[in-house]
Asker: 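There's a structure below that I have some questions on.
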Amino acid sequence: MKYIYGLLVSFIEFLLKSVDNIVGNFGLSIIIVTIIIKILLLPLTIKQDKSMKAMKKLQPQLDEIKKKYANDKQMLNIKTMELYKENKVNPAGGCLPILIQLPILFALFGVLRGGIVPIDSTFLWMKLAVPDPYYIMPLLNGGISFLQQKLMGTSDNPQMKNMMYMFPIMMIFISYKMPAGLQIYWLTSSLTAVAQQYFIMKKGA
């Protein structure tokens with residue numbers, strides 16, 4: 001696993017430097033590479049969305065099975081698996097794409113955190129190697145995070161609704177001390193995810 005992560009880091013570092021040689025701005029290079037990676041991962045994102053929708057559709061039946069066989073764990077498992085089989089749903093289908101995407105995203109994050117950003121690089125009003133002095137990027141990250149969760153839809157669970165407000169606030173506090181280069185990556189990734197989610201929802205409508 002460490003070897004694969006090392007290969008990913010080397011590939012992403014090469015990609016960033018190659019794009020920077022073409023566009024001549026490291027901030028713009030971060031945006032382009034982030035979008036490229038998100039597009040490459042789009043098939044996995046679509047697969048994940050389909051699996052989550054299928055699971056959500058089965059939720060009322062799953063709740064009935066849980067209620068009916070609450071005292072019989074063995075039968076509960078049997079009936080649950082039968083329901084999945086009848087509807088051709090893989091309960092792990094929504095998790096696998098995430099597990100595949102995470103090493104790639106962590107590698108990109110690791111490359112940017114590892115000092116690849118030139119100390120004198122600038123983008124818009126920011127120096128990429130230091131935090132945004134006006135806190136605009138952290139606030140944008142929090143706002144986009146809130147929009148992303150609204151787009152995905154809210155749950156009837158009060159705890160999940162609270163998280164919809166708490167998570168963007170956490171994002172602001174997590175990112176406000178990050179170098180601007182990382183904040184640009186985070187914002188670009190979130191904006192691309194929102195665009196992909198809109199595309200998937202529109203296609204499924």
Side-chain angles (χ1 to χ4, degrees), residues 5 8-9 11-13 15-16 19 23 26-57 92-113 117 123-124 126 128 131-132 135-155 157 159-205:
Y5 177 79
L8 285 172
V9 167
F11 172 72
I12 292 169
E13 188 170 338
L15 199 57
L16 274 169
V19 173
V23 301
F26 212 86
L28 190 57
S29 300
I30 292 171
I31 292 172
I32 293 170
V33 169
T34 305
I35 292 172
I36 289 171
I37 290 174
K38 293 293 283 187
I39 290 172
L40 290 174
L41 294 175
L42 181 58
L44 293 176
T45 304
I46 293 172
K47 186 176 180 180
Q48 176 189 341
D49 183 76
K50 285 181 179 178
S51 180
M52 289 174 67
K53 283 180 179 177
M55 289 294 293
K56 191 174 182 179
K57 192 175 180 181
C95 300
L96 186 59
I98 296 176
L99 293 176
I100 294 172
Q101 291 180 58
L102 280 178
I104 299 171
L105 297 179
F106 281 148
L108 178 55
F109 190 86
V111 168
L112 295 176
R113 192 176 56 182
V117 180
F123 183 72
L124 299 177
M126 300 168 290
L128 298 181
D132 177 1
Y135 307 110
I136 295 172
M137 293 298 291
L139 290 172
L140 285 174
N141 275 318
I144 294 300
S145 175
F146 179 78
L147 176 63
Q148 189 175 358
Q149 293 187 71
K150 286 285 286 184
L151 192 62
M152 291 175 68
T154 58
S155 170
N157 189 325
Q159 291 180 336
M160 293 299 291
K161 285 185 176 180
N162 289 336
M163 279 302 296
M164 187 178 71
Y165 296 97
M166 289 300 297
F167 188 71
I169 295 172
M170 288 168 58
M171 285 288 295
I172 293 171
F173 278 100
I174 289 170
S175 66
Y176 87 101
K177 284 188 176 181
M178 285 181 178
L182 277 175
Q183 293 179 9
I184 290 170
Y185 149 67
W186 205 304
L187 181 63
T188 305
S189 181
S190 298
L191 282 170
T192 309
V194 168
Q196 287 180 345
Q197 189 65 32
Y198 176 78
F199 166 77
I200 291 169
M201 289 174 65
K202 191 173 181 181
K203 187 177 178 181

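Nothing fancy with the numbering, it's 1 onward along the sequence. Keep in mind that this is a model prediction, so the values were computed, not measured.
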Asker: Do you know the tightest heavy-atom contact between Ser189 and Lys38?
Answerer: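 Shortest heavy-atom contact: O-CE, 3.6 Å.
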Asker: For Leu140, what residues pass the side-chain contact (heavy atoms from CB on, under 4.5 Å) criterion, not counting sequence neighbours?
Answerer: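 For Leu140, the residues satisfying side-chain contact (heavy atoms from CB on, under 4.5 Å) (neighbours in sequence not counted) are Ile136, Met137, Leu187.
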Asker: List the residues meeting side-chain contact (heavy atoms from CB on, under 4.5 Å) with Leu8, not counting sequence neighbours, and say none if there are none.
Answerer: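 Residues passing side-chain contact (heavy atoms from CB on, under 4.5 Å) with Leu8: Ile4, Pro103, Ile104, Ala107.
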Asker: From Ile169 CD1 over to Phe146 CZ, what is the distance, rounded to the nearest 0.5 angstrom?
Answerer: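 Between Ile169 CD1 and Phe146 CZ, I get 10.0 Å after rounding to 0.5 Å.
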Asker: Could you check whether atom OH of Tyr176 has more than 12 heavy atoms from other residues, nucleotides or ligands sitting under 6.0 Å from it?
Answerer: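 No - once you tally the heavy atoms of other residues, nucleotides and ligands closer than 6.0 Å, there are 12 at most.
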Asker: Could you tell me which residues satisfy side-chain hydrogen bond (donor to acceptor under 3.5 Å, both in side chains) with Asp132, sequence neighbours excluded, listed by chain and number?
Answerer: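 Checked Asp132 against side-chain hydrogen bond (donor to acceptor under 3.5 Å, both in side chains); matches are Trp125.
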Asker: Has the side chain of Gln183 got a donor or acceptor atom that lies under 3.5 Å from a matching backbone atom of Met178?
Answerer: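 Flag set: sc Gln183 to bb Met178 pair under 3.5 Å.
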Asker: Less than 3.5 Å apart, which donor and acceptor atoms pair up between the side chains of residues 27-37 and the rest of the protein, not counting sequence neighbours?
Answerer:
from  : atom 1 : to    : atom 2 : distance (Å)
Ser29 : OG     : Asp20 : N      : 3.2
Ser29 : OG     : Asn25 : O      : 2.8
Thr34 : OG1    : Ile30 : O      : 2.6

Asker: Could you go through Leu139 and Ile172, starting from their C-alpha distance and side-chain angles, then the distance that decides it, and tell me whether this counts as side-chain contact (heavy atoms from CB on, under 4.5 Å)?
Answerer: CA-CA 6 Å; Leu139 290 172; Ile172 293 171; 4.1 Å; yes
